[in-house]
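Contents: one structure, followed by commentary.
Values below: all heavy atoms of this structure, side chains included; hydrogens, waters and symmetry mates excluded. Chain A is the first sequence line, chain B the second, and so forth, proteins listed ahead of strands; every chain is numbered from 1.
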Amino acid sequence: SQELEQSPQSLIVQEGKNLTINCTSSKTLYGLYWYKQKYGEGLIFLMMLQKGGEEKSHEKITAKLDEKKQQSSLHITASQPSHAGIYLCGADGGNTPLVFGKGTRLSVIA
Amino acid sequence: DTGVSQDPRHKITKRGQNVTFRCDPISEHNRLYWYRQTLGQGPEFLTYFQNEAQLEKSRLLSDRFSAERPKGSFSTLEIQRTEQGDSAMYLCASSLGGLQEKLFFGSGTQLSVL
């Protein structure tokens with residue numbers, strides 16, 4: 001079965017700093033999804049990447065997919081307290097329900 | 001725009017009791033998913049429906065768990081004879097259906113088994 005490994009597990013950054021979260025898959029990626037979760041809440045969709053080399057941005061968040069490496073990265077520029085939360089990557093293994101990583105817990109301090 | 005709705009938000013029960021959760025998906029969505037999430041972990045797939053048909057069940061779904069989607073609209077997840085290990089956040093998600101479609105999640109039901 002497909003497994004996703006996220007790194008780091010947790011991250012504390014100072015407001016205004018940049019950061020990167022990585023997600024590595026044990027199998028071929030047919031689609032890679034990034035979600036954000038506030039503690040005790042549901043998941044909010046951020047971005048979906050489907051093709052190798054694809055890069056998408058939304059506000060200060062950029063995600064890239066390296067299909068050959070079976071890896072995706074999520075980069076936040078000039079972090080703000082509103083970016084705090086749990087970032088989860090989810091993988092589509094090809095007509096199977098999404099499998100998720102364990103998440104990266106981000107704290108942004110003033 | 002009504003998103004995915006889950007009820008209740010929180011449930012506290014004693015070990016051995018039965019509990020039932022409800023999920024109302026986005027109205028035009030054909031697919032409905034149930035996931036379970038414990039502290040410090042990502043969501044784990046339990047089961048999903050295409051309209052009223054239950055298409056796949058995870059090995060995590062023991063015979064104490066049953067899910068239904070009788071008219072292809074809302075769904076219920078029942079846990080019989082709850083155990084402390086059932087304590088988790090139960091998340092429901094829906095999608096239009098088909099390949100590579102994003103899931104829309106509800107806020108979840110937090111279950112605590114005492």
Side-chain angles (χ1 to χ4, degrees), chain A residues 1-10 21 23-26 28-52 54 56 58 63 65 67 72 74 85-106, chain B residues 3-11 21 23-26 29 31-50 54-61 67 87-112:
Chain A
S1 62
Q2 187 165 27
E3 293 184 356
L4 296 177
E5 184 173 337
Q6 288 188 235
S7 62
Q9 288 185 330
S10 63
I21 298 168
C23 175
T24 303
S25 173
S26 61
T28 301
L29 288 167
Y30 292 93
L32 193 289
Y33 301 73
W34 284 100
Y35 284 83
K36 180 184 175 184
Q37 185 179 30
K38 290 285 191 182
Y39 296 101
E41 297 287 331
L43 281 65
I44 299 169
F45 173 79
L46 294 176
M47 276 172 275
M48 177 176 72
L49 304 166
Q50 293 177 275
K51 301 175 185 177
E54 187 172 15
K56 287 187 177 178
H58 177 67
L65 178 61
E67 205 170 51
S72 177
L74 186 84
I86 303 169
Y87 289 83
L88 293 150
C89 61
D92 178 351
N95 203 26
T96 58
L98 286 189
V99 172
F100 288 92
K102 292 184 177 181
T104 294
R105 285 141 194 83
L106 172 64
Chain B
V4 178
S5 176
Q6 291 189 245
D7 183 67
R9 285 295 312 275
H10 304 275
K11 179 70 178 178
F21 311 140
C23 173
D24 287 89
I26 294 171
H29 283 187
R31 287 196 175 182
L32 187 149
Y33 300 79
W34 285 100
Y35 282 81
R36 180 173 70 185
Q37 186 179 26
T38 53
L39 199 61
Q41 302 294 317
E44 296 173 300
F45 168 74
L46 292 178
T47 187
Y48 87 97
F49 294 83
Q50 173 81 28
Q54 189 172 16
L55 295 188
E56 188 173 338
K57 291 194 286 187
S58 162
R59 278 174 282 180
L60 292 175
L61 213 66
S87 296
M89 172 78 87
Y90 290 84
L91 293 162
C92 176
S94 69
S95 72
L96 283 168
L99 297 176
Q100 296 183 335
E101 288 211 349
K102 67 184 183 184
L103 304 186
F104 293 80
F105 281 84
S107 296
T109 294
Q110 181 67 53
L111 172 67
S112 297

Exercise. What part of B:Leu91 lies closer than 4.5 angstrom to a heavy atom of chain A: side chain, backbone, both or neither?
Worked result: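 It is the side chain, since no backbone atom gets that close.
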Problem set entry | Residue part contacting chain A, namely of B:Gln6, when any heavy atom lies under 4.5 Å |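 Contact with chain A is absent: no heavy atom of B:Gln6 under 4.5 Å.
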Problem set entry | Interatomic distance, A:Gln50 atom CD to A:Asp92 atom CG [nearest 0.5 angstrom] |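 Those atoms lie 8.5 Å apart.
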Exercise. So which heavy atom on B:Arg36 is nearest to which on B:Ala88, and how close?
Worked result: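 The pair with the smallest heavy-atom distance is CG-CB, 3.5 Å.
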Going by atom type alone, with no hydrogens or angles, which donor-acceptor pairs under 3.5 Å involve a side-chain atom of residues 37-44 of chain B and a protein atom two or more places apart or on another chain?
{"from": "B:Gln37", "atom 1": "OE1", "to": "A:Gln37", "atom 2": "NE2", "distance (Å)": "2.8"}
{"from": "B:Gln37", "atom 1": "NE2", "to": "A:Gln37", "atom 2": "OE1", "distance (Å)": "3.0"}
{"from": "B:Gln37", "atom 1": "NE2", "to": "B:Gln41", "atom 2": "O", "distance (Å)": "3.0"}

For this session: Could you look at A:Tyr39 and say if it's the side chain, the backbone, both or neither that has a heavy atom under 4.5 Å from chain B?
Result: neither
Exercise. Side chain, backbone, both or neither: which part of A:Leu43 has a non-hydrogen atom closer than 4.5 Å to chain B?
Worked result: both
For this session: Look at the rings of B:Tyr48 and B:Tyr33 and say which category their plane angle falls in: under 30° parallel, 30 to 60° tilted, over 60° perpendicular.
Result: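 Plane angle under 30°, so parallel.
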Exercise. What is the ring orientation for A:Phe45 with A:Tyr35, classed by angle as parallel under 30°, tilted 30 to 60°, or perpendicular over 60°?
Worked result: perpendicular
Exercise. Do you know which of B:Ser107, B:Gly106, B:Cys92, B:Gly108 has the most heavy-atom pairs under 4.5 Å to chain A?
Worked result: B:Ser107
